[in-house]
Amino acid sequence: MTEETWGQVREGLLKRVGRNNYLTWIEPLRFADLTDGVARFTVPTSFHGDWVARNFADHIRRELLGSGAAVTRVEFAVARQTAAPAVARPAPAAAAAPARANDEDMASSPLDARFTFDTFVVGKPNQLAHAAARRVAEGGPVSFNPLFLYGGVGLGKTHLMHAIAHEITARNPAARVLYLSAEQFMYRFVQALRDKQIMSFKELFRSVDVLMVDDVQFIAGKDSTQEEFFHTFNALVDQNRQIVISADRAPGEIKGLEDRIASRLQCGLIVDLHPTDYELRLGILQTKVEFYRGQYPGLRIAPGVLEFLANRITTNVRVLEGALTRLFAFASLVGREITLELAQDCLADILRASDRKVTIEEIQRKVAEHYNIRLSDMIGPKRLRAVARPRQVAMYLAKQLTPRSLPEIGRRFGGRDHTTIMHGVKKIEELMATDSQLADDLAMLRRQLEG
Ligand code: ADP
Ligand code: MG
């Protein structure tokens with residue numbers, strides 16, 4: 001079977017499964033090979049693979065048979081996340097076909113087909129990041145370079161970057177969009193050095209229209225990789241090519257990142273994704289439920305279940321999604337309505353894990369919000385009273401409300417020494433005795449955090 005046959009088969013499948021299913025589940029499949037009657041496809045995620053295997057495998061097999069391909073079985077495997085190096089070197093056998101045609105020479109990392117703007121739920125915490133990503137995806141003249149997205153784990157950085165890539169290539173299939181993690185950037189750089197292919201490495205990276213590097217904090221402290229990244233970055237900016245970068249914190253807060261790189265990064269638009277709030281979590285859950293409804297037509301959810309989850313699972317969106325997936329799978333298996341009770345049973349471990357245990361991050365966030373300073377200043381080095389005092393408040397609350405030791409707390413405050421934490425805690429204790437405003441603040445913060 002050829003790529004072309006698969007193209008025709010897909011048209012047949014579109015009729016069989018309907019447009020929605022087709023776009024969500026079939027379109028992202030990449031034909032890998034057909035041997036001994038087994039047709040293999042790559043899928044963006046194992047969830048995608050399981051789903052297709054369960055719901056559409058038979059349709060696919062029949063359509064393939066109909067087109068004359070001798071297929072007895074279809075199999076799905078996840079596209080490997082570590083992309084093959086840019087230089088010619090046979091990829092390991094398990095490696096999958098690239099996600100899109102123009103990735104082939106670009107060696108872009110596979111994009112998750114579900115990470116689009118359509119599936120991204122916008123709320124207050126990510127409003128600005130979303131708007132900036134949209135702006136970049138529209139193309140046209142580059143208005144800020146780079147776009148720098150930062151925020152904690154599971155808040156949607158990667159999702160937004162993939163969405164940008166999808167959108168740009170949808171609007172302009174000829175656009176050369178290169179998406180990869182900073183880790184892959186380093187990996188390829190090292191390979192290129194080893195294989196004496198550094199010129200083609202440079203050419204590749206300087207020939208793209210849009211470069212997206214995810215989790216750039218990874219290359220901090222890796223000197224020659226940083227150096228190369230810096231040159232690539234400058235070359236692209238000079239040519240007015242769009243760059244999008246993500247990290248887990250603001251450029252100035254990334255330890256081991258060269259100053260000149262940090263300051264170049266600061267020239268663009270820096271946007272942080274704030275931790276989710278209740279409304280956003282509920283919105284995400286509702287969207288996902290809509291999405292699942294098509295798959296499980298008989299499925300019913302009792303009122304209050306989503307609200308319960310949005311309230312209780314606050315850690316990150318990935319965990320929230322995992323909870324919902326499990327609920328649906330379980331409910332459909334046992335053929336029951338999803339009630340609060342079922343949710344509590346089925347998700348006991350997740351709920352226990354996120355059981356109102358106050359985390360240091362939460363404390364930092366809440367305190368930063370309260371005093372109207374940047375979250376990054378909590379871990380940053382600034383000594384200004386306006387920043388240092390709230391930081392000490394957060395240290396005090398971390399000591400009071402979490403079981404963490406002083407050295408552990410120190411680590412979470414940008415690697416500070418435990419004596420610094422001890423000093424901070426003492427300071428607040430002293431002040432509280434005389435400063436009733438501070439005492440009130442603390443009582444309120446405490447209530448909110450424990451609430
Ligand atoms: P990050 O890269 O910031 O760690 P991801 O982009 O990988 O986070 O997001 C983690 C998961 O949560 C993904 O499955 C993503 O689709 C989902 N997610 C995060 N934010 C949103 C959102 N606003 N709307 C829909 N899904 C989201
Ligand atoms: Mg990510």
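The figures that follow rest on heavy atoms only: side chains count, while hydrogens, waters and symmetry mates do not.
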Visitor: Has R16 got a side-chain atom pairing as donor or acceptor with I60's backbone, closer than 3.5 angstrom?
Guide: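 No, the answer is negative, given that no donor and acceptor are paired below the 3.5 Å cut-off.
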Visitor: Output yes when a side-chain donor or acceptor of Q266 lies under 3.5 Å from a complementary backbone atom of I261, and no otherwise.
Guide: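 No, because the side chain of Q266 does not come within donor-acceptor range (under 3.5 Å) of the backbone of I261.
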Visitor: So how far is it from I313 CD1 to R281 CZ, rounded to the nearest 0.5 Å?
Guide: 9.5 Å
Visitor: Any donor and acceptor pair, going by atom type alone, linking the side chain of D277 with main-chain N or O of L280 inside 3.5 Å?
Guide: yes
Visitor: Do K382 and E253 meet the salt-bridge criterion of a basic N to acidic O distance under 4.0 Å?
Guide: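 Not counted as a salt bridge, because no side-chain N and carboxylate O are separated by less than 4.0 Å.
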Visitor: Which pairs with one or both residues in residues 119-139 pass ring-ring contact (aromatic ring centres under 6.0 Å, His included), sequence neighbours excluded?
Guide: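 The answer is F117-H130, F120-H130, F120-H159.
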Visitor: Checking side chain to side chain contact (heavy atoms under 4.5 Å, CB included) against V177, which of L111, V210, I164 comes through?
Guide: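 Testing V177 for a side chain to side chain contact (heavy atoms under 4.5 Å, CB included) against L111, V210, I164 leaves exactly one candidate, V210.
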Visitor: My understanding is that only residues two or more places apart in sequence, or in another chain, count here; which of them pass ring pair (Phe, Tyr, Trp, His ring centres under 6.0 Å) with F148?
Guide: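 Testing F148 for ring pair (Phe, Tyr, Trp, His ring centres under 6.0 Å), a comparison that skips the adjacent residues, returns none.
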Visitor: Check K124 with E279, please: is the shortest side-chain N to carboxylate O separation under 4.0 Å?
Guide: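 No salt bridge links E279 with K124.
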Visitor: Keeping the roles fixed (side chain from N234, backbone from H231), state whether a donor-acceptor pair exists under 3.5 Å.
Guide: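 No, because the side chain of N234 does not come within donor-acceptor range (under 3.5 Å) of the backbone of H231.
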Visitor: Is a donor on one side and an acceptor on the other found under 3.5 Å between the side chain of Q364 and the backbone of R412?
Guide: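 A pair under 3.5 Å: yes.
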Visitor: Angle between ring planes, H162 versus F115, binned at 30° and 60°: parallel, tilted or perpendicular?
Guide: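 The rings of H162 and F115 sit tilted, inter-plane angle from 30° to 60°.
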Visitor: Quick one: SG on C267 to CZ on F233, what's the gap to the nearest 0.5 Å?
Guide: 7.0 Å
Visitor: Let me confirm one number: the CZ-CD1 distance from R312 to I350, rounded to the nearest 0.5 Å.
Guide: 11.5 Å
Visitor: I'd like to know if the side chain of K288 and the backbone of E321 have a donor-acceptor N/O pair within less than 3.5 Å.
Guide: no
Visitor: Name all residues meeting the side-chain contact (heavy atoms from CB on, under 4.5 Å) criterion together with E75; count only those two or more places apart in sequence or in a different chain, and write none if there are none.
Guide: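 With sequence neighbours excluded, E75 shows a side-chain contact (heavy atoms from CB on, under 4.5 Å) to V38, R40, R73, given in chain and number order.
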Visitor: Could you point out which residue of V271, D272, V216, L265 forms a side chain to side chain contact (heavy atoms under 4.5 Å, CB included) with Y150?
Guide: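 Only match with Y150 under side chain to side chain contact (heavy atoms under 4.5 Å, CB included): D272.
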Visitor: Between Y371 and R389, is there a cation-pi geometry (under 6.0 Å to ring centre, at most 45° from the normal)?
Guide: no
Visitor: Only counting residues at least two apart or in another chain, list the ones meeting ring pair (Phe, Tyr, Trp, His ring centres under 6.0 Å) with F76.
Guide: F41
Visitor: Has Q217 got a side-chain atom pairing as donor or acceptor with D248's backbone, closer than 3.5 angstrom?
Guide: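 Present.
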Visitor: Please indicate whether R374 has more than 12 foreign heavy atoms, meaning atoms of other residues, nucleotides or ligands, lying under 6.0 Å from its CZ.
Guide: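 Count not over threshold, so no.
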Visitor: D214 side chain to S246 main-chain N or O, any donor-acceptor pair under 3.5 Å?
Guide: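 No, because the side chain of D214 does not come within donor-acceptor range (under 3.5 Å) of the backbone of S246.
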Visitor: Checking salt bridge (Lys or Arg N to Asp or Glu O under 4.0 Å) between E228 and each of R206, R188, K222, which is the one that passes?
Guide: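 Going through the options one by one, the only one that passes is R206.
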Visitor: To the nearest 0.5 angstrom, please state how far the CG atom of L29 sits from the OH atom of Y22.
Guide: 9.0 Å
Visitor: Does R391 reach the main-chain N or O of D377 with its side chain, forming a donor-acceptor pair under 3.5 Å?
Guide: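 Pair found, side chain donor or acceptor close to backbone of D377.
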Visitor: Should M186 and F229 count as side-chain neighbours, where that means a heavy-atom distance under 4.5 Å?
Guide: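 When only atoms from C-beta onward are counted, F229 and M186 do not touch, as no gap falls below 4.5 Å.
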Visitor: Looking at D259, I'd like to know if its CG atom is crowded, meaning that more than 12 non-hydrogen atoms belonging to other residues, nucleotides or ligands lie closer than 6.0 Å.
Guide: no
Visitor: Any idea which heavy atoms bring Q127 and V122 closest together, and the distance?
Guide: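 So the two residues come closest at CA-CG1, 3.9 Å.
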Visitor: Tell me, please, which residues at least two apart from E183 pass side-chain hydrogen bond (donor to acceptor under 3.5 Å, both in side chains).
Guide: none
Visitor: Are more than 12 heavy atoms, taken from residues, nucleotides or ligands other than D36, located less than 6.0 Å from that residue's CG atom?
Guide: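 12 or below, so no.
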Visitor: Going by the rule side-chain hydrogen bond (donor to acceptor under 3.5 Å, both in side chains), which residues pair with R365 if we only count those two or more places apart in sequence or in a different chain?
Guide: none
